Colleague: 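What follows is a structure written as structure tokens; I'll ask about it next.
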Amino acid sequence: MSRTPPNVSFHRRSVLPQRPEINPVDPRALEYVSPYDHNLMCAICYCPFVNAVRLPCEHVFCQRCINDAMKITGIGFTPSSLNCPSCRRMFYASEITSMPKILNRMLDDLMVTCPLKDQGCNEQIQRCEVQQHVDKKCAYSEVECPAENCLLSVLRKDMEKQRCLHSMLQCEDCNEFFMERDLESHRTLYCEAGRTSCPDCKAQVLLCDIDQHVESCPDAIFPCTAAKYGCDFIARRLALDQHSRTCALAKLVPFLQRQNERLGAHEAALKSLRLKNSILETSFTSFQETLGPSTDIADPPSSSMLASDSSPLDSTARHLLCLQESLREEVSRVSAALSELDARTTMARMNESLRAKEDISHMNAAIVGMRLQLHRLVSAKKVAMVRNQTEGALDAGAASAPEGPSRGIELPIRRLSDSSRQETKL
Amino acid sequence: MFANKRLGKELAKIQQSLPPGIDFVSAPDFKQWEMDIRVLDANPLYADQTYRLRFRFSPNYPIEAPEVTFIHLSQPLRTIPIHPHIYSNGIICLDLLGTQGWSPVQNVESVCMSLQSMLTGNTKNERPPGDEEFVRRNTQRPRDIRFVYEDSSV
């Protein structure tokens, strides 16, 4: 599509006030072609959610719907707080949270008709692309007139005529004046005076009624209804009726049509199966990659079974399986670390107990030493007592009374010196 | 705005099914609709009577409440129901229809049901206080009148 040279249009824009070129499309005023779940319908605009947001009471609305509601019905003109339109629970604007992106994305994929359908555009587009379609592509949206000093707009499809379509022309039939851009539609659709003759029956018909007339004209020439399937009979409507009663192909038409439909359905099914198959194959190879070269000889049957279980949504299934795989790796890593830790603690415990055992044996040795010492002392004391007794028996007559205690004191002193010697030994 | 789209969807649903006692009358465009309501139980005030409601929608519907009034007709006979909140010129004093009570999730059907139950629950055979004077002097449209909602019993 060609336009006026860009420098010209730039100049013109800078001088003249810019007209609103882009008309924003309200997604809530669109007509939806694809079916959608009625639970995904906003209770305010009755459309699939557009930028769904969630209130603290878990009710969900379109962002723009709740904004509009806050603007107009805000209590006491403080738009920061509002009651939920559904349950009337109060909330603050700051409490509004957005919904998961996936929901908005799924709803943006719904097919809608072009908002300029009434002007003649028959396209069906995804909802998220409507604005772009209207702004950039739609043949029926209004754009600047290509003529340099014309301020009016033309339809995009008329741009290629490269001239101003706003000069007034007279309709040849009714003598009324119309802008050039509207003249054609006037003549073919609305003009009450324009007449033309039917190409078949030569009758004079209103130009705007010609299509209707041709459909019912008895003299109109049509091909046989089985023309698609090879019958090349062409005749006026009346003769055609007679022919269709005898034409073998015409009788087969319903059957052939059914066959065609079945064929089409089969092709579509085959196509979807092929797509599914390719998806499965890619997921299978990715399984093999994640399982690694060591296990891929043993595992293929199980992994292919998994892949066939996860029907069309296998990109998510694949993701989940990858996740599971990585989790499994993590678990094995953790268990290895755990066993290592276990070994280390056993070693530490063993070292500790060895040292304790050594200590115990040291102490045992000391105790044995002490016992020996004790034994020797006891025996020494015994010997001393025996000697005392014998001495006492000898000096029974001569010995004075105070000597006894002084001997008794000597024994503890020796014992003390003995115990100090024992300590140094230890 | 999306008022027309939403009203189109409401109309499609209304033409399919409506609760008992509510009937669709006409919707020539997306500006003004008419509905008929009846009281279903044996309330002697409204027995065997059908009342005609007129809905007027602004381009901001459903963000703004519709204007709902009872209208008087002679053929078929439609009167203004007697109720302490309904003036004899058909204007209804109901918080649901005011800016504060309205919620954009309401629709024509739910408004009809609310009015139906408002009539069902009423036992007083009287007009609102100051009815005559209000009817004589009021030139405002219902949406511009500032009602004070004080009675929560009906």
Side-chain angles (χ1 to χ4, degrees), chain A residues 23-33 35-36 38-51 53 55 57-79 81-91 112-113 115 117-118 127 130, chain B residues 1-18 24 27 29-31 33 55-68 94-114 117 141-149 152:
Chain A
N23 26 359
V25 178
D26 189 341
R28 297 170 295 178
L30 294 171
E31 203 170 300
Y32 288 81
V33 184
Y36 55 89
H38 283 262
N39 291 309
L40 298 175
M41 194 179 81
C42 169
I44 295 180
C45 64
Y46 285 27
C47 284
F49 294 117
V50 183
N51 285 332
V53 291
L55 308 187
C57 52
E58 302 250 306
H59 285 112
V60 179
F61 299 96
C62 302
Q63 176 150 45
R64 282 173 71 179
C65 287
I66 205 75
N67 282 354
D68 288 343
M70 289 182 91
K71 239 181 276 168
I72 294 182
T73 58
I75 309 162
F77 306 106
T78 51
S81 73
L82 178 77
N83 294 28
C84 167
S86 287
C87 65
R88 298 193 184 263
R89 216 187 95 170
M90 205 191 84
F91 67 93
V112 296
T113 54
K117 191 185 174 194
D118 292 343
R127 184 173 83 177
V130 169
Chain B
M1 284 297 272
F2 52 92
N4 290 0
K5 207 86 244 162
R6 159 143 177 181
L7 283 168
K9 286 183 183 172
E10 277 190 44
L11 188 61
K13 191 182 170 284
I14 282 173
Q15 282 169 343
Q16 269 177 15
S17 70
L18 272 175
F24 170 72
D29 50 27
F30 291 133
K31 292 197 179 92
W33 292 6
F55 285 76
R56 287 156 112 183
F57 305 102
S58 80
N60 280 331
Y61 179 83
I63 303 298
E64 271 177 17
E67 250 179 66
V68 187
L94 178 63
D95 68 339
L96 190 79
L97 300 171
T99 320
Q100 291 194 5
W102 174 253
S103 154
V105 302
Q106 307 276 11
N107 54 36
V108 173
E109 189 185 313
S110 71
V111 169
C112 286
M113 285 168 72
S114 301
S117 69
R141 293 181 57 172
R143 68 148 185 246
D144 302 321
I145 303 172
R146 294 210 157 269
F147 287 111
V148 178
Y149 309 104
S152 55

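Each chain gets a letter, A, B and so on, in the order the sequences are listed, and its residues count up from 1. Small disclaimer: the values here were computed from a predicted structure and weren't measured.
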Colleague: Closest approach of B:Leu96 and A:Arg88, non-hydrogen atoms and distance?
Modeller: CD1-NH2, 4.2 Å

Colleague: Could you look at A:Arg64 and say if it's the side chain, the backbone, both or neither that has a heavy atom under 4.5 Å from chain B?
Modeller: neither

Colleague: From A:Tyr32 OH over to B:Lys9 NZ, what is the distance, rounded to the nearest 0.5 angstrom?
Modeller: 7.0 Å

Colleague: Can you name the side-chain hydrogen bond (donor to acceptor under 3.5 Å, both in side chains) partners of B:Gln106, sequence neighbours left out?
Modeller: B:Ser110

Colleague: Any heavy-atom pair between the side chains of A:Cys65 and B:Phe2 that's under 4.5 Å?
Modeller: yes

Colleague: For residues 38-49 of chain A, which side-chain N or O atoms pair as donor and acceptor with protein atoms under 3.5 Å away, sequence neighbours left out?
Modeller:
residue : atom : partner  : partner atom : Å
A:Asn39 : ND2  : A:Asp37  : OD1          : 3.3
A:Tyr46 : OH   : B:Asn107 : ND2          : 2.8

Colleague: Does A:Arg28 offer a backbone N or O that forms a donor-acceptor pair with the side chain of B:Arg6 under 3.5 Å?
Modeller: no

Colleague: For a quick test of reading the model, state the closest non-hydrogen atom pair linking A:Ser86 to B:Val105 and the distance between them.
Modeller: OG-CG1, 3.7 Å

